[in-house]
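Here is the structure we will look at.
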Amino acid sequence: MSDLQYILVLEDERVPLEGSATLGRHLDNDLVLAGEDVLDYHLRIEVGARGPKALPLGAASLRLNGVDLTEAVGLVPGDRLEIGQVTLVIEVERNADPEADEWRLHGASGGSAYPVHGELSVGRAETSGLQLRDDHISRNHARLVERSGVIFVQDFGSSNGTYVNGIRVAGGCRLFHGDEICFDTLRYQLIGQGGDLTPVNFHSGEQGRSPLVTPIKDSAERATDATEIATVTSLPEPLPAVDTTGETGAFLLGASEPVSGLTFRTGMGRTLIGRSDDCDVIVRDRTVSARHAELVVRPEGVTVTNLMSTNGIRVNGDEVQSAQLHDGDVLRVGRVSLVFKDVPAEAGDQRWLKNLQWSLLAAAVALVVSLVMVLLF
């Protein structure tokens, strides 16, 4: 059980977030939202050890704290998500005692330590709680915010970025005792006081070092740790010919090992693709992440979305975060290729129906001829 419970607040409704949830107009979503500007499957929220992430699905867009977004972003408590005319707020509740009695941000030189209570703004502006006089720091670069005894960092779209243990932050994320935070190249370390926390060595300020600690991952993220980095060419390899006689609707055809020749049905709604056993389309290849991508089938079309996988997804050789699929498109996950097929029912193996149609047409023609002959004679 996590020490935190994240909650999505919609007017008077409070929806606990566990694992992942989809939001949209379709009744198959975990949270159904009304509105003309809301897509059937609009947004996916994934909750990990570092907090929730919002992933727009397909061509969906959203506003986060008044800023328009189309890419995945990390969320922190207090964030306001606007989907069409609907506004949702992220909140957090504590399930266990706080990790620390107090938190301080220590500079790389071992000098000043800044207590973090409520909010600590970071930037070049004179009004910043932590003012950094460096031309590469944005005026309003980032902030650290304390909620329920936990510290979160949030980047304000700075030019040169905010990094946690060497990884650039998109939006915000949770911080832990001993984490290294860099605002551009200016390095700091978050240290908790009290509790049963293990003392950590302060960094020396030496530039170019590797992170002091590795990022903390949740169970789903840990499952991707063994994922190999794939060398992916820009164009897919030649695909084998596969007999699809009799197949109709939307489905995926395995076009390379270890799924070559296999057919994966994709019904209406969501289809999860990945290496894990809980996926709908299981691809057991080490370049495929545990939960790699999601296919969403709707009456108006089919969309594929990357789920923060190690090697990403490609459609017809182009790397994408999300894309609309059409019949014959080649989807690549890691180094594995699948062909998307969308065969209308009338294009399937329905010779009996065609024969019936021809018979009815012939009978109609014969009847018309008979009527004409009667009228003439």
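Source: prediction; values computed, not measured.
Within 6.0 Å of CG in Asp68 there are more than 12 heavy atoms belonging to other residues, nucleotides or ligands.
Note: the hydrophobic cluster containing Val296 does not contain Leu307 (ILVMFWY, side chain heavy atoms under 4.5 Å, direct or indirect links). Cluster membership for Leu31 and Tyr6, using ILVMFWY side-chain heavy atoms within less than 4.5 angstrom, is shared. Leu57 and Leu325 end up in different hydrophobic clusters when Ile, Leu, Val, Met, Phe, Trp and Tyr side chains are linked at under 4.5 Å. Two different hydrophobic clusters hold Leu331 and Ile282 under the rule that ILVMFWY side chains link at heavy-atom gaps under 4.5 Å. Hydrophobic clustering, with ILVMFWY side chains joined whenever heavy atoms are under 4.5 angstrom apart, groups Leu64 together with Val38.
In this structure a side-chain-to-backbone donor-acceptor pair under 3.5 Å is missing from Ser260 to Glu257. Using modelled atom types, one side-chain atom of His141 and one backbone atom of Gly161 make a donor-acceptor pair closer than 3.5 Å. In this structure a side-chain-to-backbone donor-acceptor pair under 3.5 Å is missing from Thr305 to Ser322. Although no hydrogens or angles enter the test, the distance criterion places no donor-acceptor pair under 3.5 Å between the side chain of Asp155 and the main chain of Ala170. Between the side chain of Asn316 and the backbone N or O of Val330, at least one donor-acceptor pair lies under 3.5 Å. The closest donor-acceptor contact from the side chain of Asn29 to the backbone of Asp40 lies under 3.5 Å. Of the possible donor and acceptor atoms, none in the side chain of Thr70 sits under 3.5 Å from a partner among the backbone N and O of Ser61. In this structure, the side chain of Ser256 engages the main chain of Ser337 through a donor-acceptor pair within 3.5 Å. Side-chain atoms of Asn165 do not come within 3.5 Å of backbone N or O of Asp179 as any donor-acceptor pair. Distance alone, capped at 3.5 Å, is enough to place a donor-acceptor pair between the Arg63 side chain and the Gly66 backbone.
Checked by atom type, the side-chain pair Arg270/Thr22 shows a donor-acceptor distance below 3.5 Å. Arg187 and Gln189 are not linked by any side-chain donor-acceptor pair at a separation below 3.5 angstrom, with hydrogens and angles left out of the test. Arg44 and Ser20 are linked by a side-chain donor-acceptor pair at a separation below 3.5 angstrom, with hydrogens and angles left out of the test.
Taking CD of Glu146 as the start and CD of Glu119 as the end, the distance is 11.0 Å to the nearest 0.5 Å. Here His177 contributes atom NE2 and Leu175 contributes atom CG; the two are 13.0 Å apart, rounded to the nearest 0.5 Å. Taken from CZ in Arg80 to CG in Leu75, the straight-line distance is 13.5 Å, to the nearest 0.5 Å. Taken from CG in Asp280 to CZ in Phe264, the straight-line distance is 11.0 Å, to the nearest 0.5 Å. With rounding to the nearest 0.5 angstrom, the OH atom of Tyr163 is 12.5 Å from the CZ atom of Phe183. Atoms CG and CD1, on Leu186 and Ile181 in that order, are 12.5 Å from each other to the nearest 0.5 Å.
Val150 is not listed as a side-chain neighbour of Pro98, based on a closest heavy-atom distance of 4.5 Å or more. Put simply, the side chain of Cys279 reaches to within 4.5 Å of the side chain of Leu272, judged on heavy atoms. Inter-residue side-chain proximity for Pro258 and Val336 is flagged as met; some heavy-atom pair is nearer than 4.5 Å. Between Arg143 and Val76, some side-chain heavy-atom pair lies under the 4.5 Å cut-off. By the 4.5 Å heavy-atom criterion applied to side chains, Val15 and Leu10 are not counted as neighbours. A 4.5 Å side-chain heavy-atom check between His42 and Arg25 finds every atom pair outside the cut-off. Using a 4.5 Å heavy-atom cutoff, the side chains of Val145 and Gln154 are not in contact. Ile151 is not listed as a side-chain neighbour of Leu105, based on a closest heavy-atom distance of 4.5 Å or more.
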Quiz item: Could you go step by step and tell me if Leu8 and Ile90 meet the side chain to side chain contact (heavy atoms under 4.5 Å, CB included) rule?
Solution: CA-CA 5 Å; Leu8 199 59; Ile90 300 292; 3.4 Å; yes
Quiz item: Given the rule in the side chain to side chain contact (heavy atoms under 4.5 Å, CB included) test, do Asp79 and Asn65 qualify, once you have shown the distances and angles that lead to the verdict?
Solution: CA-CA 6 Å; Asp79 276 347; Asn65 302 323; 2.8 Å; yes
Practice problem: Begin with the C-alpha distance, continue with both residues' side-chain angles, and end with the deciding distance and a verdict on side chain to side chain contact (heavy atoms under 4.5 Å, CB included) for Leu130 and Leu132. | Solution: CA-CA 6 Å; Leu130 172 56; Leu132 303 179; 3.9 Å; yes
Self-check item: CA sep, side-chain torsions, deciding dist, call: Arg94, Leu4, side chain to side chain contact (heavy atoms under 4.5 Å, CB included)
Solution: CA-CA 5 Å; Arg94 171 162 287 286; Leu4 294 180; 4.0 Å; yes
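In this structure, Phe340 and His326 approach most closely via the heavy-atom pair CD2-O, 3.3 Å. Listed here is the closest heavy atom pair of Ala49 and Phe176: O-CZ, 3.5 Å. Closest of all the heavy-atom pairs between Lys341 and Gly328 is CD-N, 4.4 Å. Heavy-atom minimum distance, Ala250 versus Asp342: N-OD1, 4.1 Å. Nearest heavy-atom pair across Arg332 and Gly334 is CG-O, 3.4 Å. Contact detail for Arg291 and Glu46: the closest heavy-atom pair is NH1-OE1, 3.1 Å.
We find that Arg298 and Asp28 are not joined by a salt bridge, their nearest charged nitrogen and carboxylate oxygen being 4.0 Å or further apart. In this structure, Asp277 pairs ionically with Arg284, as a charged nitrogen and a carboxylate oxygen lie closer than 4.0 Å.
Between Asn306 and the options Ile313, Leu55, Val333, a side-chain contact (heavy atoms from CB on, under 4.5 Å) holds for only Ile313. Here the rule is side-chain contact (heavy atoms from CB on, under 4.5 Å) with Leu88, and of Leu23, Ile45, Val9 only Leu23 fits it.
Using bins of under 30°, 30° to 60° and over 60° for the plane-to-plane angle, the ring pair His26/Tyr41 lands in the parallel bin.
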